Amino acid sequence: MRTLRSPKLLKTEVLAGLVVALALIPEALAFSVIAGVDPRIGLFSAFTMAVTIAFLGGRPAMISAATGAVALVIAPLVASHGVQYMIAAVLLAGVFQVLLALLGVAKLLRFIPRQVMVGFVNALSILIFVAQVPELLGVPWLVYPLTALGLLVVFGLPRLTTAVPASLVAIVVLTAITVAASLDVPTVGDKGELPHSLPSLLLPDVPFTLDTLQVVFPYALAVAFVGLLESLMTAKLVDDVTDTRSNKTREAWGQGAANLVTGFFGGMGGCAMIGQTMINVKGSGARTRISTFLAGVFLLLLVVVLGDVVALIPMAALVAVMIFVAVTSFDWHSIRPSTLKMMPKSETAVMLVTVAVTVWTNNLASGVGVGVLVAMVLFARRVAHFVTVDRTVTGDGADATATYRVNGELFFASSNDLYFQFEYVLDPAAVVIDLSGSHVWDASTVAALDAVTEKYRRRGTEVRITGLNDASVQMRERMAGKLP
């Protein structure tokens with residue numbers, strides 16, 4: 001409401017929505033080709049996703065539309081069973097996302113380490129840049145000076161003024177030059193036919209049987225997880241850029257609702273788009289749902305009402321905008337020599353693995369999943385080395401007692417070696433294991449303590465375990481002697 005009452009703020013949102021709409025058109029067309037569907041399906045999906053998430057999403061100013069990750073997931077289904085099965089999968093994916101949101105999937109985001117987030121951002125920047133390379137290969141030589149001029153505008157204009165988004169200026173200027181000079185360069189119209197009518201509601205024309213469910217279930221589950229992961233990660237990134245908080249649970253079920261709406265209109269589904277979101281938030285300065293809503297509305301108007309005009313936009317202009325997004329989104333601080341020297345090698349490895357897997361597979365979910373797994377393994381390995389066992393012997397002869405003080409967190413990675421930290425042959429008849437500096441976290445530790453006490457028992461040695469905190473006592477009492 002504050003934005004609606006402020007002409008200056010409203011202008012920013014309106015212009016941002018227009019720039020994003022222009023950037024969405026070639027992306028939606030390209031993703032339609034990847035998925036193997038009619039280009040109009042991708043365009044209408046971008047419209048329904050953006051408009052729906054503008055009302056239901058939990059992250060203002062974030063852009064959701066048809067995406068490459070979702071297109072890659074559903075492409076095999078379209079190829080093997082056709083578009084109608086794809087629509088059924090998108091609808092089921094929406095249901096899964098709503099259910100996952102209600103189950104609290106958004107809370108799992110806290111387990112994604114910062115270095116995985118950095119790797120996620122850097123990998124996205126690389127993928128955005130790489131996606132522009134085909135537009136610069138095998139094209140007329142005029143494309144290169146046009147792209148250079150576009151880059152000069154998007155990088156240079158903000159140094160002079162921020163009254164108008166530099167991305168929009170670049171698109172308008174390059175289009176005007178291309179049309180006025182009748183330059184023969186690739187345009188948006190070359191990507192595919194733009195629609196001339198509105199989408200309509202429908203139900204997928206598939207048999208509602210168990211066989212159909214078996215076909216679409218794995219694809220729907222993959223779309224749901226990939227979509228949620230990209231959306232929640234992008235939401236967190238926008239939180240950092242704007243210094244605001246978003247409702248991740250609302251964003252999760254909002255994505256599900258948006259996919260349901262998109263499916264009922266025959267769309268290919270989608271999720272948050274990092275490139276267009278960065279254009280909206282970072283490049284254009286948008287901060288509210290108004291820009292997201294207008295991006296969808298402008299997209300529909302542009303392709304249905306002004307399709308002939310939009311078709312004239314040179315791809316060089318959009319390539320320049322996306323290169324700008326890629327360069328400004330990359331976390332250059334993360335690869336500075338001073339940063340790499342300061343960071344622990346394990347955390348740098350996590351970031352590099354996340355980037356490598358994401359770029360190699362072209363799948364953000366794979367990159368983040370592997371990155372989190374590597375982070376967990378390296379963390380467990382580091383923590384395991386922090387456990388120490390100190391032995392002292394007091395008294396003489398029959399009154400002698402060996403005391404072992406264990407310090408550190410005891411879990412599967414650190415307790416597996418615990419069995420070998422005791423001097424079973426040299427110890428006297430009484431042994432005390434002091435765990436006041438430790439915490440028992442899992443069954444592996446309880447089993448390790450059982451093995452130690454059993455080894456001593458067979459030698460006729462009396463063992464007392466002391467210093468356990470309440471939680472450790474409860475865990476040991478519940479499982480001690482019951483684990484093989």
Side-chain angles (χ1 to χ4, degrees), residues 104-120 236 339-354 368-394 401-427 430-457 461-484:
V105 68
K107 296 178 181 177
L108 297 178
L109 196 64
R110 72 183 66 177
F111 295 105
I112 298 179
R114 179 186 179 277
Q115 289 305 99
V116 174
M117 279 292 299
V118 173
F120 167 82
K236 190 175 188 303
T339 304
L340 295 175
K341 184 178 180 180
M342 172 189 66
M343 280 285 180
K345 289 183 174 60
S346 59
E347 298 203 21
T348 301
V350 169
M351 186 266 287
L352 294 176
V353 166
T354 304
V368 172
V370 173
V372 171
L373 181 62
V374 171
M376 291 170 59
V377 172
L378 293 178
F379 174 77
R381 184 172 176 271
R382 288 178 62 190
V383 173
H385 292 314
F386 292 150
V387 174
T388 60
V389 179
D390 298 318
R391 175 179 181 265
T392 58
V393 178
T394 58
T401 301
T403 301
Y404 289 88
R405 290 181 176 83
V406 182
N407 294 288
E409 304 302 311
L410 296 176
F411 63 110
F412 62 91
S414 59
S415 60
N416 283 336
D417 293 334
L418 192 64
Y419 179 82
F420 303 102
Q421 302 297 315
F422 297 85
E423 302 286 350
Y424 302 99
V425 176
L426 301 178
D427 283 339
V431 171
V432 176
I433 302 176
D434 181 4
L435 298 179
S436 56
S438 306
H439 184 98
V440 177
W441 285 104
D442 58 10
S444 296
T445 303
V446 176
L449 292 174
D450 284 351
V452 172
T453 55
E454 176 63 16
K455 177 91 169 179
Y456 275 119
R457 186 190 64 79
T461 303
E462 179 187 353
V463 179
R464 288 189 302 116
I465 297 179
T466 63
L468 288 170
N469 56 36
D470 292 341
S472 299
V473 168
Q474 292 176 10
M475 178 170 289
R476 186 163 185 267
E477 288 180 347
R478 189 168 64 251
M479 291 185 287
K482 300 176 183 177
L483 300 173

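Heavy-atom basis, side chains included; hydrogens, waters and symmetry copies ignored. For reference, positions follow the sequence shown, starting with 1. Only a predicted model underlies this, so the values are computations on that prediction, with no experimental measurement involved.
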With a 3.5 Å distance limit and no angle check, can you tell me whether Y424 reaches the backbone of V452 through a side-chain donor-acceptor pair?
no
Counting N and O atoms only, with roles assigned by atom type, does the side chain of S472 sit under 3.5 Å from a partner on the main chain of V440, one being a donor and the other an acceptor?
yes
Give me the atom names and distance for the closest heavy-atom approach of R476 to L468.
CD-CD1, 4.0 Å
State, with a plain yes or no, whether a side-chain heavy atom of V368 is found less than 4.5 Å away from one of M117.
no
Decide yes or no on side-chain contact (heavy atoms from CB on, under 4.5 Å) for L435 and L449, but give the supporting numbers first.
CA-CA 11 Å; L435 298 179; L449 292 174; 4.0 Å; yes
Taking every heavy atom of K455 against every heavy atom of Y419, the minimum-distance pair comes out as CD-OH, 3.1 Å
Min side-chain heavy-atom separation Y404-V431 under 4.5 Å
yes
Can you tell me how far the CE atom of M475 sits from the CG atom of D470, to the nearest 0.5 Å?
13.0 Å
Sidechain-backbone polar pair: D450 side chain, T453 backbone, donor-acceptor under 3.5 Å
no
Taking side chain as C-beta onward, heavy atoms only, is R457 less than 4.5 Å from V463?
no
Does the S415 side chain pair with the main chain of F411, one donor and one acceptor, at a distance under 3.5 Å?
yes
Main-chain N/O of V432 paired to T403 side chain as donor or acceptor, under 3.5 Å
no
Grab the two heavy atoms, one from P113 and one from V372, that are nearest each other, plus how far apart they are.
CD-CG2, 4.2 Å
Does any part of the side chain of V393, heavy atoms only, come nearer than 4.5 Å to the side chain of T401, both counted from C-beta?
no
Would you say the side-chain atoms of T354 pair up with the backbone N or O of V350, donor to acceptor, closer than 3.5 Å?
yes
Would you indicate whether R464, at its atom CZ, is surrounded by more than 12 heavy atoms from other residues, nucleotides or ligands within a distance under 6.0 Å?
no
Ignoring hydrogens and geometry, is there a side-chain-to-backbone donor-acceptor pair from N407 to T388 under 3.5 Å?
no
Begin with the C-alpha distance, continue with both residues' side-chain angles, and end with the deciding distance and a verdict on side-chain contact (heavy atoms from CB on, under 4.5 Å) for D442 and T445.
CA-CA 6 Å; D442 58 10; T445 303; 3.0 Å; yes
Specify the closest pair of heavy atoms between V387 and E409, including all atoms of both residues, with the distance to one decimal.
CG2-O, 3.3 Å
Side-chain heavy atoms of I433 within contact of T466, under 4.5 Å:
no
Should E347 and R114 be marked as a side-chain contact (heavy atoms from CB on, under 4.5 Å) after you check the CA-CA gap, both sets of side-chain angles, and the distance that decides it?
CA-CA 9 Å; E347 298 203 21; R114 179 186 179 277; over 6 Å; no
Are any of the side-chain heavy atoms of L410 and H439 separated by less than 4.5 Å?
no
Side chains of W441 and F412: closer than 4.5 Å at any heavy-atom pair?
no
To the closest 0.5 Å, what do you measure between CE (M343) and NZ (K341)?
15.0 Å
Measure the shortest side-chain to side-chain distance between R391 and R405 over non-hydrogen atoms and say whether it is less than 4.5 angstrom.
no
